[in-house]
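Inspection log for the structure reproduced underneath, given as structure tokens.
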Amino acid sequence: MSDFTAKFPTLLDIYTNSIEQFADRPLFGTKRGGTWEWTTYSEFGEMVDNTRSGLAGLGIGLGDKVAIISDNREEWAVVAYAAYGLGAAVVPMYEAQTTENWGFVLEDSDSRAVFVSTPDVAERLDTVRGSIDGLEYLFVMESSAGEDWATLTDLQETGSKLPVGLSDVGEDQIAGFVYTSGTTGKPKGVLLTQRNLAYNVSSITDVFPIYPTDRTLSFLPWAHAFGQTVELHTIFAMGGSTAFATAVAEITSNLPEVKPTMLVSVPTVFGRIYMGLNKRMAEGSSIQKMIFDQAMSNASKRRALAEQGKSSWLVDMQQNLFDKLVFSKVRDGLGGNLTYAISGGAAIPVEVAEFIDNLGVTVYEGYGLSETSPIATANWPGTRKIGSVGKPIPGTRVELDDAASADPRDGEIVIHGHNVMKGYHNRPEENAKVFTDDGGFRSGDLGRIDDDGFLFITGRVKEQYKLENGKYVVPTPIEEKIGLSGYIANVMVYGDNKPFNVAVIVPDAPAVEEWAAAEGIEFENFEELANDPRVHQLISDEVDKAMADVKGYEKVRAFVVAPEDFTTENGMLTPTLKVKRRIVIDHYGDEIEALYAE
């Protein structure tokens with residue numbers, strides 16, 4: 001690790017600098033009554049100051065915990081920065097979590113106050129509130145909550161009459177509890193300090209230029225460390241603006257309205273863009289498809305030349321032509337200003353990254369975990385290799401422990417630096433498992449570092465398994481290939497101690513229904529359609545295409561068609577959209593075993 005000096009030692013430094021420097025600029029945009037309304041930095045600062053004073057009046061101070069149960073909204077940021085200003089820690093949760101999960105987190109974190117988005121969430125929480133020791137205060141963020149609930153507005157009005165300044169908060173003060181998704185067992189509270197978060201912001205902005213003119217459309221939950229650090233703290237630190245998506249399903253309609261310059265997302269969303277555009281091209285005229293394919297081919301040539309430090313006047317000339325004819329029109333559908341996409345949370349398939357990049361939206365992929373605040377490595381301008389997750393950001397170091405991998409080229413990724421968490425809350429046995437003797441964090445991820453120092457993610461240590469023939473398999477890359485099909489919404493590959501790999505595959509309902517209508521297939525409901533042998537053949541053909549360049553022993557030989565998608569509601573996905581393999585295997589266990597019996 002090279003010497004690193006943080007421009008922001010704490011989140012309070014980010015706050016005071018941004019409110020003063022960008023006072024009149026727009027910060028948060030919310031669509032109300034069909035119109036986008038923008039809150040300025042100074043207006044945000046006033047709300048934070050009043051909320052901080054109100055919390056101080058309740059006795060909330062250094063070391064206390066303030067919980068949030070809400071999707072992204074400006075009130076989320078207000079409560080968070082108000083708590084930081086008192087030296088209190090923020091404990092975020094998802095609205096989509098169960099009441100039992102909320103209760104566990106509130107109890108485990110010793111939260112004294114909780115802010116919820118709506119009266120509906122308050123009513124759900126109220127069913128378990130009485131069993132949570134130490135929880136004293138509940139506030140609803142929506143000011144229209146009425147007389148049934150204390151509101152954030154009430155607290156702000158009280159605080160405005162008794163102003164309280166920022167507390168003296170040190171770098172090592174705990175700023176946030178980020179609870180892991182809990183794909184196995186109970187969630188663990190990741191303790192992140194002021195230093196962890198503020199230094200991570202400082203390190204990101206050292207290598208990645210973000211300007212006050214930058215804008216993003218927010219839909220990646222701030223309860224997730226990636227969305228919180230990159231979007232909330234980093235955009236705020238640099239004077240940019242954030243609009244809140246009205247719903248995940250409405251992102252495509254929000255983009256032309258908001259006209260973002262950057263998009264912060266997980267690979268799933270970029271994968272939907274990839275599949276949607278490919279589907280549109282496939283349904284268009286043969287001439288349209290031919291021009292689109294030629295444009296894509298030329299863009300790929302141009303990128304390959306650039307990676308070798310070369311260029312071609314002919315390729316560049318054709319690129320300008322194709323950009324006017326094809327790519328600019330696609331970007332117009334994304335708002336017209338989108339210039340770069342930041343992907344994290346999981347590895348983005350190379351095909352998807354190259355596709356988005358060819359459109360003229362530069363893809364920068366990064367890597368990290370909640371336990372690393374979260375960014376550990378990233379691609380940035382002038383230092384980029386598609387397919388990799390980049391190089392360590394300033395002040396961090398990555399090494400590989402090859403003892404954890406069956407493949408001698410890979411190793412478990414171990415991360416060192418200012419971004420490494422303080423530890424798991426009240427979990428000394430878990431801390432002992434993940435920390436190395438010299439303070440490094442064992443990520444549980446498998447990786448490979450190339451000769452240029454770029455890191456490539458190859459899977460998870462716990463997800464790799466051995467087939468009956470002794471061959472090791474890492475399922476994630478196989479799932480990514482199958483998931484590129486426009487007819488497949490979700491997939492999980494399995495084969496632990498079995499003779500071959502099988503999969504549980506969820507068809508993409510709208511795409512398959514449209515295909516069925518074109519084929520003249522009649523059906524009463526999607527479950528009936530999903531069981532139709534012709535749909536099974538369609539999925540089988542898609543799997544065969546995906547397996548074309550996969551090693552023989554890694555190929556998926558059979559599959560279960562699941563009519564119900566993996567979701568957070570049915571427990572098969574975490575709130576950060578990771579598949580809970582154990583739950584899926586338990587649910588489809590009989591069908592999986594039947595594949596081997598056949």
Q | Side-chain ion pair, K481 and E479, N-O less than 4.0 Å | A | no
request  = Look at D452 together with K385 and state whether they make a salt bridge at an N to O cut-off of under 4.0 Å.
outcome  = yes
With sequence neighbours excluded, residues passing side-chain hydrogen bond (donor to acceptor under 3.5 Å, both in side chains) with [X]:
{"X": "T436", "answer": "D438"}
{"X": "S443", "answer": "Y367"}
{"X": "Y465", "answer": "N501"}
{"X": "N17", "answer": "Q21"}

Determine whether the side chains of [X] and [Y] contain a donor N or O and an acceptor N or O closer than 3.5 Å.
{"X": "D108", "Y": "Y179", "value": "yes"}
{"X": "N419", "Y": "T396", "value": "no"}
{"X": "N200", "Y": "S203", "value": "no"}
{"X": "K7", "Y": "T205", "value": "yes"}
{"X": "T476", "Y": "E463", "value": "yes"}
{"X": "T261", "Y": "N337", "value": "no"}
{"X": "Y41", "Y": "E20", "value": "no"}
{"X": "Y424", "Y": "E371", "value": "yes"}
{"X": "N358", "Y": "S300", "value": "yes"}

Donor-acceptor check, side chain of [X] to backbone of [Y], threshold 3.5 angstrom: yes or no?
{"X": "D450", "Y": "L455", "result": "no"}
{"X": "Q464", "Y": "V473", "result": "no"}
{"X": "K555", "Y": "V550", "result": "yes"}
{"X": "E554", "Y": "I478", "result": "no"}
{"X": "R25", "Y": "P212", "result": "yes"}
{"X": "T216", "Y": "S218", "result": "no"}
{"X": "T229", "Y": "S373", "result": "yes"}
{"X": "Q194", "Y": "L11", "result": "yes"}
{"X": "T372", "Y": "G368", "result": "no"}
{"X": "Q97", "Y": "Y94", "result": "yes"}

Within-4.5 Å side-chain heavy-atom neighbours: [X] and [Y]:
{"X": "L62", "Y": "S167", "result": "no"}
{"X": "V579", "Y": "M572", "result": "no"}
{"X": "K466", "Y": "K471", "result": "no"}
{"X": "T193", "Y": "Q173", "result": "no"}
{"X": "V169", "Y": "T10", "result": "no"}
{"X": "F115", "Y": "E75", "result": "no"}
{"X": "I386", "Y": "V350", "result": "yes"}
{"X": "L12", "Y": "Y84", "result": "yes"}

Just verifying a value: how many Å separate [X] [atom1] and [Y] [atom2], rounded to the nearest 0.5 Å?
{"X": "L338", "Y": "L255", "atom1": "CG", "atom2": "CG", "answer": "7.5 Å"}
{"X": "F456", "Y": "E365", "atom1": "CZ", "atom2": "CD", "answer": "9.5 Å"}
{"X": "I14", "Y": "F236", "atom1": "CD1", "atom2": "CZ", "answer": "8.0 Å"}
{"X": "D13", "Y": "T16", "atom1": "CG", "atom2": "OG1", "answer": "5.5 Å"}
{"X": "K391", "Y": "T383", "atom1": "NZ", "atom2": "OG1", "answer": "5.5 Å"}
{"X": "L359", "Y": "I273", "atom1": "CG", "atom2": "CD1", "answer": "8.5 Å"}

Kindly give the heavy-atom pair with the smallest separation between [X] and [Y], and that separation in Å.
{"X": "I210", "Y": "M238", "value": "O-CB, 3.6 Å"}
{"X": "I60", "Y": "A88", "value": "CG2-CB, 4.2 Å"}
{"X": "P209", "Y": "P381", "value": "CD-CG, 3.8 Å"}
{"X": "E351", "Y": "Y274", "value": "O-CE1, 3.9 Å"}
{"X": "S370", "Y": "V178", "value": "OG-CG1, 3.7 Å"}
{"X": "Y494", "Y": "I585", "value": "CD1-CD1, 3.6 Å"}

Worked check of side-chain contact (heavy atoms from CB on, under 4.5 Å) between V91 and V66 = CA-CA 6 Å; V91 184; V66 175; over 6 Å; no
Using a cut-off of 6.0 Å, state whether more than 12 heavy atoms not belonging to D168 lie near its atom CG. no
Contacts satisfying salt bridge (charged side-chain N to carboxylate O under 4.0 Å, His left out) that involve residues 207-233 (not counting sequence neighbours) are none
Quiz item: Is it the case that R52 places NZ or CZ above or below the six-membered ring of Y81, under 6.0 angstrom from the centre and within 45 degrees of the axis?
Solution: no
* Are R195 and Y199 in a cation-pi contact, defined as NZ or CZ under 6.0 Å from the six-membered ring centre and within 45° of the axis? -> yes
E430 meets the salt bridge (Lys or Arg N to Asp or Glu O under 4.0 Å) criterion, sequence neighbours left out, with K433
Full working for side-chain contact (heavy atoms from CB on, under 4.5 Å) between T242 and L27: CA-CA 6 Å; T242 297; L27 173 56; 5.7 Å; no
Checklist entry - Under 6.0 Å between ring centres, would you say that holds for F244 and F28? => result yes
- Task: Would you confirm whether the ring centroid of Y15 sits within less than 6.0 angstrom of the ring centroid of H233?
- Result: no
- Message: Would D110 and H425 count as a side-chain contact (heavy atoms from CB on, under 4.5 Å) here? Give the steps.
- Response: CA-CA 11 Å; D110 304 314; H425 179 58; 4.0 Å; yes
- Item | Intermediate values then yes/no, side-chain contact (heavy atoms from CB on, under 4.5 Å), R460 and L446 | CA-CA 5 Å; R460 289 282 295 168; L446 294 171; over 6 Å; no
Where do R384 and D357 land on the salt bridge (Lys or Arg N to Asp or Glu O under 4.0 Å) test, with the steps shown first?
-> CA-CA 12 Å; R384 188 174 79 114; D357 205 71; 2.7 Å; yes
